[in-house]
Asks: 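What follows is a structure written as structure tokens; I'll ask about it next.
Index from 1, following the sequence.
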Amino acid sequence: MDPSPHTLWTNLQDEDISVQNVQDILTVIDDDLWVAAACFDRLLNDVEVQRSLLELGISRTAKVVQRVQHSLSLGDSGAESDISSWFKESPVDAQLCRIRLVLLERLDRLNTFVEICKESPRTEADDTDMDIDEEWEDDPWAGENAGPSSAAQKTKSMEPPIPLTEFLVENMAEIACFFASQEYTSALRILMLYHTSILWPFRFTILDNIPGHTHPSEYRDILPAYDVNSDAELDPPSNTWREYPDWVETVEVKVAILESFEDEEDNSAFDGSKRVDPLPVEHITQWYKRRVDYVITSTGMIDLALATIQHGASQGVPDLDELGEELSLLSRLVYDAPYVPDADADNDWTLSRWRSMDPASVVQAYLAHSTPTTVAKDISRLVIPYLFVLEARAERASQPEHDLHNRLLYEYILSTPLNIAAAIFEASKPTSPAAQRLIRNDEDLARLALACLYGSDSRNEWPTMSRIFECLPVWDINPDSEDEADETDSTIISLGAFVTPSTIRPRCTPSDLFFFFKPLPLVSLSRALDILDVHLEAGEILSRWNVAAPLRWFLQSTNDVVEQRAWANRMARRVGSPSPDMGGLGDWDWLLDDMLKLTGPNENGIRSAFGLLSPAELSSIFFGGVLSSGKFDIAKNLLYKGDKLALDHMKVEEVCLSISREFYDNASSGNYKFGDMKLAYDCLDVPSTSDRLIREKEFIEATSRLSSFNVMSRPGIPISPIEVRLTKDRLSLISRVLSSNSDAYKHTQVILDLLHKLGFRDDRVAEVKTLAMLADTALQAEDFTRAFETSDAMISAVLKLRSSVPPGVTDAKVQEVSEVCWIACFQLGRQPEFLDIEKKLLLLGRALELCPADKINDVLTSWRQLEKEDLQARRDRLAHRSTSPHKRPIAQKTASSLQARLHDLHMTASPLMNAEDAAALASRTFNRVASNFPFTVGSMGRSVFPQDDGRSHSRDDSRHRFDGEEVSTQASRVLQKGIGWLLGADEG
């Protein structure tokens, strides 16, 4: 027995259903509800089969509509109630009407789906694959595993965004949001067109699901617009698949059906049953602004935000003009302004950031990466439109600022580097047409150039500065009166003071200078440009010799001779030069010509960089520069063979001495055979010989000799030449030589020669003191023979000096050398280790002869003690040998001299005092004298005066008190302490 149609349909799988199956099975079933339900239950992805099911189901429900319409009077006021009652009494009719409503809605969706499939675009990948397939259509290598054909690929590219089965039953608003999020804008447009009543309440939710990077032109048909007639949101265009709605689609019937099936889950056919009115225009404006913020925040794509606003404005949405202006200006910054990827670390531009910027910052941002070749064009196409917008806004706000354009442009020029400013000035030349000039006011052009140039710290952009100067206007203006000329010069002087740094303004900026130049009249501006011309020429000259100064320096030094002299010295000392070694005479001639050029005024009477220096002074500075380079042969050629240096002999000598002392003071070693000391020595050979030059050369030789003696300034550190020169008492240097060299005292002539070269050639007092130091050093070394010889030379020098003074005349130098001499003689004559009694007596005799009157008793006491100790030894010597014929007269002479001295003082040797009185007097006298001694008179660690207890002491006693070991120890201690006793009391 064949199965029934109901069984055949129930057992039939979805994928096996075809149009023929629908016609063969369902059409033969008479039960309209069963057939309609069967069409309702089946959802297929095949469009044609699904359409046949829907149309069949709709046709089977047509009878119930006719029956209900026939039974009800729809024109009565209670029609809706009648329908509800009918559906309650006839559930089958209600069910059929509900199925009809759903099938009609699905049929509409199916038609929409077909349209969406027609509009589905091919993807780029699909197109590429299709091109490849077409190109390799006859690929001989294609086999069983070959890819899909172009036809198959085309079919694939036409697949809908979602399956038909889902499209027919899913929530329409959710489908629309899905299409929006996936950028299926064509599908979304079709959906919004044919299902407006359902999607209208959700329009903004759907729009918000469109990604920010989607261009608004792709979904412009669904963007909100403005209806000028209603002053509200414009109703969107809509379309339907049927000219007239079905009876079951009327509001009354849909409500009645909904009430009958409130517990049913599938009520999608009833979406959009509630009507939403258009929004006020303010809400539309706010939505566009929110959309712009979202686009910029999520993508940073300013052009899309601008396109969105432009579309809204084109649809008549008000209050978007200003936002459009801002986005247009911002888009120019993002897309049209020069861009440097590595430099733009912070290039995340947002509308809030843009709005937070002041106009000056915006101008800076527009031109942040402009180059000299592009800046003029960038200002014309980026900055000037922005400035026009600002002016228009100010006028609309009834707060016009007439100078806004110039103020912002000038601020940028004053803050930009010179090479950028030069390009702007070149685009503003007075010879260019006014419409093409960036700066159209000639006076402002001059003010800006002056401010930029004098406010710059640059020292190496002189070609750029000259380019700027060539762009400036030329006014043939002369002061009409003397007062105007004075006022102009006073202005320039005050400008020099204005650019000089102070505590209030450490640096004068170009903006400060522009403020200074702003009120200047045309006469002063013209004069300032003339001065600028001179300064630029001087700046190029200084730069040529690598002693460039910022342009403001020329203003600061206009009336400062000290500053001009200092810079001339820098130039002469060749801080830098065109030729690195400056080896040729021609280079120095070139330098001299440039320096002289900077002293004279130009044809307008404007002084140059060294205008306060005379040619003679500048020649002196230049000559010193040649000498400081060590080019002494060139210096001689310039001095004796040239005619440019106007220097007399004395000036040449002064310069040579000055440069020589510079070399000397900078020398690290005192050896004058090499280094700076050699330069200091050779520098003195440039001029003709004179006493001053000879003395300076001797001093250099003395310094070199001190260096050879290894004199130390501190332990382990040799004395430097500068320390030698700064030593106030140069005799102390002799003392340091003797104390640091154990054998130096043996070379008397060498030490005296060193003394003479240290500047004491004719100084007898210094010579006597030096001999005294030599004698004392020999005494400390127990070299009594050399000590006596040196003392004898000292005595001769003192006697010679005393003889040169007329009798009765008191001479301070004679008194000083006498003081030194008698103390030295007394010290050596009192030395117990010195065994030559006759020499000691001679020394004590000289001490008696030279000492002051109040010291005679002290010396005489030592004489008597020595005489007592030596008396017996002399008798024994006389008994065993004959008297030497040449000694006796000396002893007699000494004795006679002593007696004569005592007689002059009305004193006698024996009755004056006894031994105890002599000892007491000696002690008191020593304490008084020692406090005035110019040097230490003690020797071997004891006083030069005896501690006389009234007893006679023999030589053996003395030797016993000072044995050899103690003497050696004391001598070493004295040598370690140095020889400070030689410093004169008046030279300390």
Asks: Which pair of non-hydrogen atoms, one from Leu513 and one from Cys508, has the smallest distance, and what is that distance?
Replies: CG-SG, 3.6 Å
Asks: Verify, without hydrogens or angle tests, whether Ser619 (side chain) and Pro615 (backbone) share a donor-acceptor contact under 3.5 angstrom.
Replies: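 Yes; judged by distance alone, with no hydrogens or angles, the pair exists.
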Asks: Mind listing the closest non-hydrogen atom pair of Ser380 and Pro385 along with its distance?
Replies: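 Smallest interatomic distance, heavy atoms only, reads O-CD, 3.3 Å.
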Asks: Arg565 and Glu617: side chain to side chain contact (heavy atoms under 4.5 Å, CB included), yes or no, with the steps?
Replies: CA-CA 9 Å; Arg565 186 179 295 115; Glu617 183 178 4; 2.4 Å; yes
Asks: Quick check against the 3.5 Å criterion: does Thr297 have a side-chain atom that pairs as donor or acceptor with the backbone of Asp293?
Replies: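 Yes, the answer is positive, given that a donor and an acceptor are paired below the 3.5 Å cut-off.
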Asks: Taking Ser328's backbone N and O only, do any of them form a donor-acceptor pair with Ser331's side chain (distance below 3.5 Å, no angle check)?
Replies: yes
Asks: Hey, can you tell me if Trp354 and Tyr366 have their rings parallel, tilted or perpendicular (30° and 60° cut-offs)?
Replies: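 The arrangement is perpendicular - the two ring planes meet at more than 60°.
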Asks: Do Leu330 and Leu306 have side-chain heavy atoms sitting under 4.5 Å apart?
Replies: no
Asks: Is there side-chain contact between Tyr226 and Ile284, with at least one heavy-atom pair below 4.5 Å?
Replies: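 They are not in contact (no side-chain heavy atoms under 4.5 Å apart), so the answer is no.
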Asks: Taking Arg467 for its side chain and Thr464 for its backbone only, find out whether a donor-acceptor pair lies under 3.5 Å.
Replies: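 It does not hold such a pair.
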Asks: Between Gln310 and Gly324 (side chain of the first, backbone of the second, donor and acceptor by atom type, cut-off under 3.5 Å), is there such a pair?
Replies: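 No; judged by distance alone, with no hydrogens or angles, the pair does not exist.
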Asks: Quick one: sort the Tyr288 and His311 rings into parallel, tilted or perpendicular, breaks at 30° and 60°.
Replies: tilted
Asks: How long is the span from the OH atom in Tyr386 to the CZ atom in Arg332, to the nearest 0.5 Å?
Replies: 13.0 Å
Asks: To the nearest 0.5 Å, what is the distance between OG on Ser370 and CD1 on Ile379?
Replies: 7.5 Å
Asks: Using side-chain heavy atoms (C-beta onward) and a distance below 4.5 Å, is Ile309 in contact with Glu325?
Replies: no
Asks: Any side-chain heavy-atom pair from Leu408 and Leu390 closer than 4.5 angstrom?
Replies: yes
Asks: Does any N or O in the side chain of Ser298 come within less than 3.5 Å of the main-chain N or O of Tyr294, such that one atom is a donor and the other an acceptor?
Replies: yes
Asks: If I compare all heavy atoms of Ile541 with all of Asp594, which pair ends up nearest, and what's the gap?
Replies: CG2-CB, 3.7 Å
Asks: Are any of the side-chain nitrogens in Arg396 or Glu322 under 4.0 Å away from the carboxylate oxygens of its partner?
Replies: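 Salt bridge absent between Arg396 and Glu322.
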Asks: In sequence, state the C-alpha distance, the side-chain angles, and the governing distance for Tyr412 and Val383, and then conclude on side chain to side chain contact (heavy atoms under 4.5 Å, CB included).
Replies: CA-CA 10 Å; Tyr412 170 76; Val383 176; over 6 Å; no
Asks: List the residues meeting ring-ring contact (aromatic ring centres under 6.0 Å, His included) with Phe425, not counting sequence neighbours, and say none if there are none.
Replies: none
Asks: In the structure I gave you, are the side-chain heavy atoms of Ser614 and Thr599 within less than 4.5 Å of one another anywhere?
Replies: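 In short, these two side chains do not touch, never coming nearer than 4.5 Å.
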Asks: Pairing donors with acceptors under 3.5 angstrom, does anything connect the side chains of Thr285 and Asp319?
Replies: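 Side chains of Thr285 and Asp319: no pair found under 3.5 Å.
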Asks: Does a side chain donor of either Glu461 or Ser456 reach within less than 3.5 Å of an acceptor in the other side chain?
Replies: no
Asks: To the closest 0.5 Å, what do you measure between NZ (Lys631) and CG (Asp587)?
Replies: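 The distance works out to 10.0 Å.
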Asks: Donor-acceptor check, side chain of Thr299 to backbone of Ile296, threshold 3.5 angstrom: yes or no?
Replies: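 Not at all, since once roles are kept as given, no pair shorter than 3.5 Å links the two residues.
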Asks: Does the side chain of Leu207 come within less than 4.5 Å of Pro224's, by heavy atoms?
Replies: yes
Asks: Given 3.5 Å as the limit, does a donor-acceptor pair link the side chain of Trp567 with the main chain of Val547, or not?
Replies: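 Flag set: sc Trp567 to bb Val547 pair under 3.5 Å.
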Asks: Does the pair Asp457/Arg552 count as a salt bridge with the N-to-O cut at 4.0 Å?
Replies: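 Salt bridge: yes.
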Asks: Between Arg381 (side chain only) and Asp336 (backbone N and O only), is there a donor and an acceptor less than 3.5 Å apart?
Replies: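 Answer holds: yes.
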Asks: Please determine whether a side-chain nitrogen of the Lys or Arg among Glu443 and Arg447 lies less than 4.0 Å from a carboxylate oxygen of the Asp or Glu.
Replies: yes
Asks: Measuring only between side-chain heavy atoms, which start at C-beta, is Leu414 closer than 4.5 Å to Leu448?
Replies: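 Yes, close enough: below the 4.5 Å cut-off.
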Asks: Just by distance, no angles: are the side chains of Trp287 and Asp208 close enough, under 3.5 Å, to form a donor-acceptor pair?
Replies: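 Yes, because at least one side-chain N or O of Trp287 sits under 3.5 Å from a partner of the opposite role on Asp208.
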Asks: Closer than 3.5 angstrom, by distance alone: can the side chain of Ser428 be matched with the main-chain N or O of Ile424 as a donor-acceptor pair?
Replies: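 Yes, because the side chain of Ser428 sits within donor-acceptor range (under 3.5 Å) of the backbone of Ile424.
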Asks: Quick one: CZ on Arg573 to CZ on Phe622, what's the gap to the nearest 0.5 Å?
Replies: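 Here the interatomic distance stands at 12.5 Å.
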Asks: Between atom CG of Leu495 and atom OG1 of Thr558, what is the distance when rounded to the nearest 0.5 Å?
Replies: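 With rounding to 0.5 Å, CG (Leu495) is 8.5 Å from OG1 (Thr558).
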Asks: Under the rule for side chain to side chain donor-acceptor pair (under 3.5 Å), what residues qualify as partners of Asn569, not counting sequence neighbours?
Replies: none
Asks: Identify the two heavy atoms, one from Gly630 and one from Phe663, that lie closest to each other, and give their separation to 0.1 Å.
Replies: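 Closest heavy-atom pair between Gly630 and Phe663: N-CZ, 4.4 Å.
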Asks: Check step by step if side chain to side chain contact (heavy atoms under 4.5 Å, CB included) holds for Ile384 and Leu438.
Replies: CA-CA 9 Å; Ile384 291 181; Leu438 297 180; 4.1 Å; yes
Asks: Surrounding OH of Tyr335 (heavy atoms of other residues, nucleotides or ligands, distance under 6.0 Å), is the total greater than 12?
Replies: yes
Asks: Do you know the tightest heavy-atom contact between Ala548 and Arg459?
Replies: O-NH1, 2.9 Å
Asks: Quick one: closest heavy-atom pair of Glu411 and Ala360, and the distance?
Replies: OE1-CB, 3.7 Å
Asks: Before giving the answer on side chain to side chain contact (heavy atoms under 4.5 Å, CB included), spell out for Leu453 and Leu418 the whole-Å C-alpha distance, their side-chain angles and the decisive distance to 0.1 Å.
Replies: CA-CA 8 Å; Leu453 292 174; Leu418 283 180; 4.3 Å; yes
Asks: Starting at OG1 of Thr371, measure out to CG of Asp378 and round the result to the nearest 0.5 Å.
Replies: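 Rounded to the nearest 0.5 Å, the OG1-CG separation comes to 7.5 Å.
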Asks: Can you find a pair of side-chain heavy atoms, one from Phe388 and one from His405, that are under 4.5 Å apart?
Replies: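 Sidechains of His405 and Phe388: in contact.
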Asks: Going by side chain to side chain donor-acceptor pair (under 3.5 Å), name the residues that satisfy it together with Asp512, two or more places apart in sequence or in a different chain.
Replies: Thr509
